[in-house]
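A short worksheet on the structure shown next.
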Amino acid sequence: LGLHQVFTPIHAELFVRYGINILLPVMAMAGAGQVGAAAAVYMKTKNAFLKKTVASALPVGILGIGEPLIYGVTLPLGRPFVGACIGGAFGGALQASAVVGVSTMGISGLPLAAVSNNIGIYLLGLVTAYIAGFIATWLLGFEDPEE
């Protein structure tokens, strides 16, 4: 929802104290959960407009900009937003347990892998969030809007 910007001073303090940011990879998984949830919506919906909305928002979601998926897809549908949160929790738990850190602020999603101290684990967390968000949304379902 854009509220992640409030954490910028905390990210800066992590760099000052530890030289690496271990919070951002965990937070980035929220957007990855949105990608997985939106993919499930795309697969399930019969609504052509919704399919077009998801298809246009997914590429930017993969690149770390989740707001189009949040406001255009998951939040209006309700349960897919919850599914996205579940996906983000799974991916974030993996990032936190592996203590994945990054050397930057301001980027998210797939591009964040390039500045990670453990690219493989970061990417595994990203895929985990995608898959968990997809499965959770698939199981939770949603009310498919009429054309």
Side-chain angles (χ1 to χ4, degrees), residues 1-8 10-11 14-15 20-147:
L1 303 175
L3 297 174
H4 59 285
Q5 298 302 335
V6 76
F7 287 99
T8 300
I10 296 169
H11 294 310
L14 287 168
F15 286 128
I20 197 157
N21 184 345
I22 60 170
L23 181 59
L24 187 55
V26 174
M27 292 174 60
M29 296 303 106
Q34 292 293 330
V35 169
V41 169
Y42 184 86
M43 298 296 286
K44 276 191 130 173
T45 188
K46 305 284 190 256
N47 184 309
F49 180 76
L50 184 55
K51 272 192 185 287
K52 185 177 177 182
T53 301
V54 173
S56 64
L58 269 178
V60 296
I62 291 167
L63 293 175
I65 302 166
E67 286 82 1
L69 293 173
I70 295 168
Y71 295 121
V73 181
T74 63
L75 194 56
L77 293 174
R79 287 180 293 215
F81 185 78
V82 174
C85 292
I86 292 168
F90 273 87
L94 189 95
Q95 301 295 348
S97 66
V99 194
V100 174
V102 294
S103 59
T104 191
M105 297 188 292
I107 62 172
S108 187
L110 189 58
L112 193 58
V115 293
S116 169
N117 65 351
N118 193 332
I119 294 171
I121 296 295
Y122 179 82
L123 291 173
L124 180 63
L126 203 63
V127 170
T128 298
Y130 291 164
I131 292 170
F134 183 96
I135 291 170
T137 301
W138 193 272
L139 294 174
L140 289 170
F142 60 95
E143 195 170 310
D144 200 12
E146 293 182 23
E147 291 286 338

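Computed from heavy atoms alone, side chains included, the values below leave out hydrogens, waters and symmetry copies.
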For a quick test of reading the model, state the closest non-hydrogen atom pair linking [X] to [Y] and the distance between them.
X	Y	result
Ser56	Pro59	O-CD, 3.7 Å
Ser108	Ala28	OG-CB, 3.3 Å
Val102	Pro25	CG1-CG, 3.7 Å
Tyr42	Lys51	O-NZ, 2.6 Å
Ala37	Thr137	CB-OG1, 3.1 Å

Quiz item: Is there any side chain to side chain donor-acceptor pair (under 3.5 Å) pair reaching into residues 84-99, and which pairs are they, with sequence neighbours excluded?
Solution: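 Those involving residues 84-99 do not exist here.
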Fill in: side chain to side chain donor-acceptor pair (under 3.5 Å) partners of residues 20-39, not counting sequence neighbours, each pair once
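Non-adjacent pairs meeting side chain to side chain donor-acceptor pair (under 3.5 Å): His11-Asn21, Gln34-Thr74.
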Using the ring-ring contact (aromatic ring centres under 6.0 Å, His included) criterion, which residues pair with Phe134? Sequence neighbours excluded.
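With sequence neighbours excluded, Phe134 shows a ring-ring contact (aromatic ring centres under 6.0 Å, His included) to Trp138, given in chain and number order.
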- [ ] With the side chain counted from C-beta on, respond yes when Leu14 and Leu24 share a heavy-atom pair under 4.5 Å apart, and no when they do not.
- [x]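 No, side chains not in contact.
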**Residues that Val60 engages under side-chain contact (heavy atoms from CB on, under 4.5 Å), provided they are two or more places apart** =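 With neighbours one apart ignored, the set is Ile65, Pro68.
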Q.
Suppose we screen for side-chain contact (heavy atoms from CB on, under 4.5 Å). Which residues come up paired with Leu58, at least two apart in sequence or across chains?
A.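 Checked Leu58 against side-chain contact (heavy atoms from CB on, under 4.5 Å); matches are Val35, Ala38, Val54, Leu69.
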- Query: Which pairs pass ring-ring contact (aromatic ring centres under 6.0 Å, His included) with one or both residues in residues 85-131, sequence neighbours excluded?
  - Reply: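 Those involving residues 85-131 do not exist here.
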Ignoring hydrogens and angles, write down the donor-acceptor pairs under 3.5 Å from the side chains of residues 110-121, residues two or more places apart or on other chains.
| from | atom 1 | to | atom 2 | distance (Å) |
| --- | --- | --- | --- | --- |
| Ser116 | OG | Asn118 | N | 3.0 |
| Ser116 | OG | Asn118 | O | 3.2 |
| Asn117 | OD1 | Gly101 | N | 2.9 |
| Asn118 | OD1 | Ile121 | N | 3.2 |

How about CD1 on Ile22, more than 12 heavy atoms from neighbouring residues, nucleotides or ligands closer than 6.0 Å, or not?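 Open.
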Output side-chain donor-acceptor pairs under 3.5 Å for residues 140-147, partner residues at least two apart or in another chain, one line each.
| from | atom 1 | to | atom 2 | distance (Å) |
| --- | --- | --- | --- | --- |
| Asp144 | OD1 | Thr45 | OG1 | 2.4 |
| Asp144 | OD2 | Thr45 | OG1 | 3.4 |
| Asp144 | OD2 | Lys46 | N | 2.8 |
| Glu147 | OE2 | Ala48 | N | 2.5 |

